[in-house]
Amino acid sequence: MSEVRLMKGNEAAAEASILAGCDAYFGYPITPQSEIIEYLSDQGRKRGMIVMQVESEVAAINMIYGAAGAGARTMTTSSSPGVSLMQEGISYIASAELPCLLVNINRGGPGLGTIQPSQGDYFQSVKGGGHGDYHLIVLAPASVQEMADFVYLGFDLADKYRNPVLILADGALGQMMEKVVFPNYDPKAHKLPKPWATVGKTPDREPNVITSLHLHSEDMEKINLRLQEKYRKIEANEVRYELINTDGADVLMVAYGLTARICQRVIELAQQAGIKVGLVRPISLYPYPYEIISKLTEKIKGYFVVEMNAGQMVEDVRLGVNGKVPVGFYGRMGGIIPTAEEILQNLQKFVKTVSVKEKK
Amino acid sequence: MSEVRLMKGNEAAAEASILAGCDAYFGYPITPQSEIIEYLSDQGRKRGMIVMQVESEVAAINMIYGAAGAGARTMTTSSSPGVSLMQEGISYIASAELPCLLVNINRGGPGLGTIQPSQGDYFQSVKGGGHGDYHLIVLAPASVQEMADFVYLGFDLADKYRNPVLILADGALGQMMEKVVFPNYDPKAHKLPKPWATVGKTPDREPNVITSLHLHSEDMEKINLRLQEKYRKIEANEVRYELINTDGADVLMVAYGLTARICQRVIELAQQAGIKVGLVRPISLYPYPYEIISKLTEKIKGYFVVEMNAGQMVEDVRLGVNGKVPVGFYGRMGGIIPTAEEILQNLQKFVKTVSVKEKK
Amino acid sequence: MTHEILFAGFGGQGILSMGMTLAYAGIIEGKEVTWMPSYGPEMRGGTANCIVIVSDKRISSPIIGKFDALIAMNQPSLDKFESAVKPNGIIMYDSGNIIVPPTRTDVTIAAVPVDVEALKLNNLKVRNMIMVGAFLSICQVVDTGTVVKALAKVLPERYHHMLKINQEALQRGEKIVIEAATPLA
Amino acid sequence: MTHEILFAGFGGQGILSMGMTLAYAGIIEGKEVTWMPSYGPEMRGGTANCIVIVSDKRISSPIIGKFDALIAMNQPSLDKFESAVKPNGIIMYDSGNIIVPPTRTDVTIAAVPVDVEALKLNNLKVRNMIMVGAFLSICQVVDTGTVVKALAKVLPERYHHMLKINQEALQRGEKIVIEAATPLA
Amino acid sequence: MADAQVLTNGMETVWEKPRTLSETRMHYCPGCGHGVVHKVLMEVINDMGLQDKTIGVAPVGCSVIAYNYMNIDMQEAAHGRATAVATGVKRVLPDKLVFTYQGDGDLAAIGTAETIHACNRGENFLIIFINNAIYGMTGGQMAPTSLLGMVTSTTPEGRQIETQGHPIKITEMVATLPGTYYITRQSIHTPTTVRHFKKAVEKAFKHQMEKKGTCLIEVVSNCPSGWKMTPLEANKWLDQNMFPIFPPGDIKVDGKLVEKKQVISQKKEIK
Amino acid sequence: MADAQVLTNGMETVWEKPRTLSETRMHYCPGCGHGVVHKVLMEVINDMGLQDKTIGVAPVGCSVIAYNYMNIDMQEAAHGRATAVATGVKRVLPDKLVFTYQGDGDLAAIGTAETIHACNRGENFLIIFINNAIYGMTGGQMAPTSLLGMVTSTTPEGRQIETQGHPIKITEMVATLPGTYYITRQSIHTPTTVRHFKKAVEKAFKHQMEKKGTCLIEVVSNCPSGWKMTPLEANKWLDQNMFPIFPPGDIKVDGKLVEKKQVISQKKEIK
Amino acid sequence: MAVRGTVKIDIETCKGCELCVEACPQDTLAMSKEINNKGYHYAVTIQDNCTGCVNCALVCPDAVITVYRASTQKRDKDPVAVISNVKGDIKVTLDNPNVPGGVGRIDI
Amino acid sequence: MAVRGTVKIDIETCKGCELCVEACPQDTLAMSKEINNKGYHYAVTIQDNCTGCVNCALVCPDAVITVYRASTQKRDKDPVAVISNVKGDIKVTLDNPNVPGGVGRIDI
Ligand SMILES: Cc1ncc(C[n+]2csc(CCOP(=O)(O)OP(=O)(O)O)c2C)c(N)n1
Ligand SMILES: Cc1ncc(C[n+]2csc(CCOP(=O)(O)OP(=O)(O)O)c2C)c(N)n1
Ligand code: SF4
Ligand code: SF4
Ligand code: SF4
Ligand code: SF4
Ligand code: SF4
Ligand code: SF4
Ligand SMILES: [Mg+2]
Ligand SMILES: [Mg+2]
């Protein structure tokens, strides 16, 4: 299996889900993620996965609920408008604590918007687009290889915490091809027992019930507290990030996904221009790496956030920074991917302002 | 019309929508907001409003899109799970810049949760539960009178900015009765002309088109930039808040909606206990009163946020505070309304820690 | 002066409208009021209760944990809320429905046989107004006369023929407490 | 060494698979690669283009604004991207489809009559491989032999009878550039 | 128990609560049809020995906490999504038996798309459809099956065609889909109809074991609270007003549409 | 124009592009039925003088930018929600004429509930339903109306009943609803069928003016790109494969179901 | 005369809906005047003419009734009114010979 | 012989789908070998036997064809092939007398 293959990010995620032992996939076509359902309709079905194109995203997410509740490894994928339609279902899944994997190949919004890549669904993903207090574990891949790798990771985290996991990738990551290697992953060794699943009540146990309803406030608050406790555990254990060139940097960029890749180019260009910058790349968007962001404030003059949106993650960076250094931002919207050159230009302006401040 | 009436918050909002000249209502029953659709099914229909109970919340929000696009004053109301189902439609409405009024009578989540009151939909409301970069104008009433007043205000702001407005109120505000006075509001004087509405193309103009689609990224980015510009304008003009007892306070509570009412009781109790506390009550949750929160940091030892959720607005307070003073939090979940006494108890602990810090 | 009162009982006993009538009477007398139901699971039956606050000044929290008075119309309600009454507060209860009486000694307690009195009036529907009358005779939150006016507002037109019997019920309620005044004090 | 190449033309001209084949060849030679399509509105037809990066080291940004080489298969693509080629870069274009040639003077320009050559091979489907061959003879990103191996990977089994003609096309492409080498230099 | 003194020596028990029905007191209003349906469903599961093979799905509606009463593994579904959830369950557990238990609001309003597409795919499970012509749980609003002129809290002047359309006959609609195998409309307001309903449920489970496709049993039921009637009045009203619009009888049997609406057999019958 | 030299002196124009069809070049693939339908629709609106009275609603699908071609006020709806949006429009502008223009994915998959309930309420507008048995816009995935065995990008082995169910005949389903008034299945792949289709559109608009209720015209259309055929092959395939499943003809006329499927008249007919 | 059948009613769970009373072909059942702990008048047997036909149990929404039948299929005439489990002043109806006997009342 | 009808084709908008060619009962139309600016072979008239029957315009998805008809209803025989607007070496087919004439071809 260690063969090197050239694949689109969408295909890599689809292939990985087969290798990860995903039992059932339910989805609905939407650009730019349709390659996933198409790949699975061919390869997945041939290799024994239940692959269903169903009537809508609303149906799909509720089928995930049913299948996950029945103990299956299960996944759905969509893109922004389709993911919005799933918000009620996602809130139910989070509340009923059902492990499953969701993939959002983010396109430009709001509304029908454009099919070009975007990171405009950051807030929806990390703050909760659905109702109530819940969190998805959110992973942001930055390469085709990670589009595959985070599928195994996602399924495993979902099982471990009985929590839905979301892979948030912009459209370009779904569409671009890179080489990818599929590791030896034995689903049997990873899948955890699910004694709570509804598979038919045996005489030795009480009925298993999957529900998110708790009519009495006291009961519901208990559920809420249990969820919050779980989230604290996730925050303690599952923060993932990458530090690139942070040592000795004056300014650190913060970017995830594709923009993090572009920012690596910015580092190269900046070095040529004599500016010492580095990059903090959050890999888990929830739990968010507040701590490292906070810690690094001691060594730098400022953070510079780059996103393909109006500046959503900026808020999380500012929460991590807590006023200690200035936070700048550069973003593009509507499906436009910023180039390293334009980022550098804006970064330079930012560097100037923070250097001036320092002098004062 | 200056008669004083005793009404439920839901009924007051419904009555106000009739008086505000709402042309059409589309909705679906859900506790604890059903009184709105019930009141309108009776009074609204009798007084000439189009009032339709339709097949689902998804249908309702898209009917709002159609009716608003056709130039009508229009409204839908729901509660948490129903509002989650509307997220795609809301994103479309925001993107197509259609004025309309949405009401969320928030209940406890996530999932089916409980029908008891909650403020768990704060993030969904202010950060955007739907996909893409957009904002609703979000108003948080704290009394039955405001449940009515914010309906006129909401419709007017929606028209003014061509932006959807959301009234976010917890279930208790919908269910409780208080006295309410309906002002003389002449819809004709308030309704703005809508030359962009699709009412039939006349020879003197190009066709009017309501759309949120812009296939080319450059076009979509232009739309995004226009939206962002509008949001900056809203942030400059429409921040609303109330300051209670802030002069001379050592610690300020921050709370909205029903919890802001309870915090007023806390102020009374605290005074008896010799603690100097005041309250910042955000009325508009978007745009958020960051500025006043930032300004007041200079006079106080800390902020103490109270919500009926796991601590969502805390993030906005921290963004306003920007590290200058500590921010404490007390919240209840699952439909439980905190009492003034328990808030006070927790507030006292917080006051102790910030006072200790100060001494150091 | 602020009165914080809890009405509690079975659904169907007219608990919510008792509170509503009192609140409306408060409005008529120019006071500030809030009426807050505890709305239970979305099903018929079960228990119902509401908090009514009537005050001369702006009401801050409509949610309170301790009450000046409890009107308990069935056993579970009394059992649940007895301890939530402030010292020197009032507990009124329907002695027809409640077998185990309250045990607090620091509050005024009144057992009102509303069934018996209602039977005397030949109308079981006015039980709750008898209770309101009884309560107002102990704690003059509003005038009973105002309550009658409030009823005219709260009751839909088609029930206005019931106003008179309700008025009688209120008066009946007032009277029995006055009759029993000595042992209660 | 890093090569950043843009392939552009009509949908249906095999633009995306040209890039894909080159990228796969890069992998076979142990290089790092990315292939990034610009996926247009969800409709058939229209223009298509893809960026291919082949490098000896980890590729940072797959999104670039300036290219080492442009392979333009139609007029709009050439017009749009001519200026995006780096100084001293390469522009290759299909002279059968492109009437107005590039005007840049700081880059290597090669007009490739792929139609004519394809007709000589009696197979219009191999036009894109002729272009790839021509390009590789100017800029040795990978070996043409590797490209043949890559084709065996990229083409579905049922098209493997086409491998030979594609190989010929590659060689044909190489040859015509070599033939034309003097005027191009 | 007060009846303890009743002598039952030498007598056999001919009916008792099935052990698949839990001891928990049901929250339904007096006389509500939900209880009867629960009871019959659990009897069949008990009689047929399916307790360990059956997974139930009940969405939001008065029967949302059916899991408290049915002594089997269950999932609570979002409003309208029971058939989607059941599809998820059944597809991954094809050898288990799955049923949904849905109200008219759930199945025929918000869940219309899921209902129709589950039936169209011929999902191999049983849909129990409780048609009480009202939204019971949320306090008596109009349902898609509410009758014309029917007064509900959202149709205070009675349901009007102009704004609310006609009562929808979704059962007849899904019967036209090739994916459905057995479609019948039943009621449970008299002993005989209860017996018929039980037979229908047994039949549907057998079909499911044989993987025949979707079976749907509509139960024309009551909602004394929502209709503001006593249980006896409600059942009478049902007989007189619901049946003309929702006539009982089989609609599709063995995958074939029943030509003339078959009236429930009048002959004597005992369990 | 190259044809300018063609002599047309003394000739009358018997067909020209209606001015309600904009000058913008349509983005549809060569031979795609969408163009024909657009043209006929705009001809009718032109002929009947309805340009200032008509509001169109086109949801996501290949025809999402229909507003670029139709010279009338239009709204772009979310995928599946065209009838909901149209309900919003028509309810507030009851005297205007409203139509939706929806694909099979839109109308019969994600929008099933909205379709059925709009028809059930008898919303007084026209639904144009383009059934090309595929998701054209997103690149050729299976549609709810894809034929059994049909190869699409999500059914590489052909559509199978087991996982994907049967092609759904939603037109027949909504015809059973009392809210619908005129329901017909048409095609536009030959001159005659185009003429028939035009008549149907005219009829539907007349019914709308008379407030008769919902009219729905299904157009059995092609998708040369999705089907991977030339336009001529596609139209032939349509004739041979689509018609047996989706037979053309009126299904409901003047509010009454047409008993036997009426075949489109064979007699000569000219505009 | 031997008793042919009998029923046991869980009066605390009974919700007083009266459906069983309506369903009983023997008029064996009636509603108590007393209420149970939940406030409902409950069903009681007022005659011992029960045939064990199960009708009452079938229609009872709360599965409150257990039905027993004599194993021997002896069928006696002359029913005798036996009043059991009555808390209030219930009007007791004697077995009416006109009431259809047998094992099941037919309803539609 | 007088020309009965004629068509004007906007060759730059034509997408070369051939539907008009198929629809023409007179075989008046054919596809050019040349391509237009969008890369499509476009429809051209290859005979002047057009009857103005409109068929081609009806099926044309891109509303590319305008149809004219002689006001007088004279009907001549003997069609003559008139080649107009041909850019490439198109195979010109003469009017085939077996092709059904008249005003509309019947299709189902
Ligand atoms: C998304 C969503 N919308 C609305 C509701 C509120 N709700 C709960 S049950 C129900 C309808 C109940 O009616 P029905 O399905 O007929 O069941 P019944 O209670 O009559 O048995 C509604 C509207 C909800 N829980 N979720
Ligand atoms: C909520 C949502 N889901 C999915 C999509 C992607 N999408 C766009 S159009 C379409 C289907 C198009 O098929 P159809 O309605 O048959 O129209 P056609 O293109 O065939 O004319 C889909 C799935 C979307 N835009 N929004
Ligand atoms: S509200 Fe209606 S459906 Fe619900 S339990 Fe009561 S009677 Fe039954
Ligand atoms: S993809 Fe199909 S439906 Fe869409 S324009 Fe092309 S041919 Fe027409
Ligand atoms: S078993 Fe039959 S006869 Fe006996 S009480 Fe019940 S219904 Fe009456
Ligand atoms: S049917 Fe059951 S619940 Fe109803 S009265 Fe009879 S025993 Fe009681
Ligand atoms: S009008 Fe008729 S005869 Fe003339 S070219 Fe067109 S189809 Fe042929
Ligand atoms: S039908 Fe129209 S687009 Fe097609 S070839 Fe003829 S003229 Fe061109
Ligand atoms: Mg119902
Ligand atoms: Mg389609």
Side-chain angles (χ1 to χ4, degrees), chain A residues 3-10 29-35 42 79 105 107 112 114-117 142-145 170-181 244-245 255 257-269 279 306 308 332 335-344, chain D residues 2 4-7 15-44 46 48-67 84 86 142 146-147 149-157:
Chain A
E3 188 201 354
V4 180
R5 293 172 67 179
L6 179 70
M7 279 181 131
K8 285 192 174 192
N10 282 337
I30 186 169
T31 309
Q33 69 81 46
S34 295
E35 289 86 357
D42 181 21
S79 178
I105 305 296
R107 59 191 240 183
L112 186 49
T114 156
I115 55 172
Q116 304 300 326
S143 66
V144 171
Q145 182 65 51
D170 67 82
L173 278 165
Q175 294 298 321
M176 71 192 254
M177 286 186 149
E178 289 187 321
K179 63 187 195 184
V180 51
V181 177
I244 297 168
N245 224 40
L258 187 71
T259 40
R261 289 281 288 275
I262 303 172
C263 286
Q264 289 175 47
R265 178 89 152 208
V266 177
I267 295 177
E268 295 162 16
L269 299 178
L279 172 68
V306 183
M308 291 194 281
R332 293 299 297 265
I336 295 183
I337 303 173
T339 62
E341 289 76 10
E342 64 182 297
I343 296 171
L344 179 65
Chain D
T2 299
E4 294 167 338
I5 308 146
L6 178 66
F7 294 86
I15 304 293
L16 303 185
S17 55
M18 252 194 271
M20 238 180 260
T21 311
L22 189 67
Y24 221 112
I27 289 186
I28 295 174
E29 294 192 358
K31 305 202 157 100
E32 299 292 324
V33 303
T34 74
W35 172 95
M36 170 73 82
S38 120
Y39 56 101
E42 292 164 285
M43 286 135 203
R44 263 33 58 222
N49 68 63
C50 64
I51 301 168
V52 174
I53 307 178
V54 180
S55 178
D56 300 325
K57 53 194 176 70
R58 180 176 163 182
I59 296 166
S60 53
S61 173
I63 302 292
I64 41 183
K66 296 278 173 190
F67 306 93
K86 295 181 196 165
V142 293
T146 321
V147 175
K149 281 188 212 144
L151 271 170
K153 290 273 181 189
V154 169
L155 281 179
E157 289 269 357

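The sequence lines fix the lettering, A, B, ..., with proteins before strands; numbering per chain opens at 1.
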With respect to chain D, which residue among [options] yields the maximal number of heavy-atom pairs within a distance under 4.5 Å?
options                                    : value
Pro117(A), Ala142(A), Ala260(A), Cys263(A) : Pro117(A)
Lys8(A), Met176(A), Met177(A)              : Met177(A)
Glu178(A), Glu268(A), Gln264(A), Arg261(A) : Arg261(A)

Contact origin within [X] toward chain D - heavy atom pairs under 4.5 Å:
X         : value
Glu342(A) : neither
Ala340(A) : neither
Ile267(A) : neither

Original post:
Any idea which of Ile64(D), Thr34(D), Val154(D) has the most non-hydrogen atom pairs under 4.5 angstrom with chain A?
Top reply: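 Most heavy-atom pairs within the cutoff with chain A belong to Thr34(D).
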Subject >> Proximal to chain A - members of residues 49-60 of chain D, heavy-atom separation under 4.5 Å >> reply: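 Residues in range: Arg58(D), Ile59(D), Ser60(D).
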Tell me every residue that passes side chain to side chain contact (heavy atoms under 4.5 Å, CB included) with [X], counting only those two or more places apart in sequence or in another chain.
X         : result
Lys66(D)  : Lys86(D)
Glu341(A) : Leu269(A), Thr339(A)
Ser61(D)  : Ile262(A), Arg265(A), Ile63(D)

Original post:
For the atom pair CE (Met7(A)) and CH2 (Trp35(D)), what is the distance rounded to the nearest 0.5 Å?
Top reply: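 These two atoms lie 13.0 Å from each other.
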Original post:
Measuring from Tyr24(D):OH to Arg5(A):CZ, what's the distance to the nearest 0.5 Å?
Top reply: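 Spacing of OH (Tyr24(D)) from CZ (Arg5(A)) equals 7.0 Å.
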**OP:** Verify, without hydrogens or angle tests, whether Lys179(A) (side chain) and Ala23(D) (backbone) share a donor-acceptor contact under 3.5 angstrom.
**Re:**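 No, because the side chain of Lys179(A) does not come within donor-acceptor range (under 3.5 Å) of the backbone of Ala23(D).
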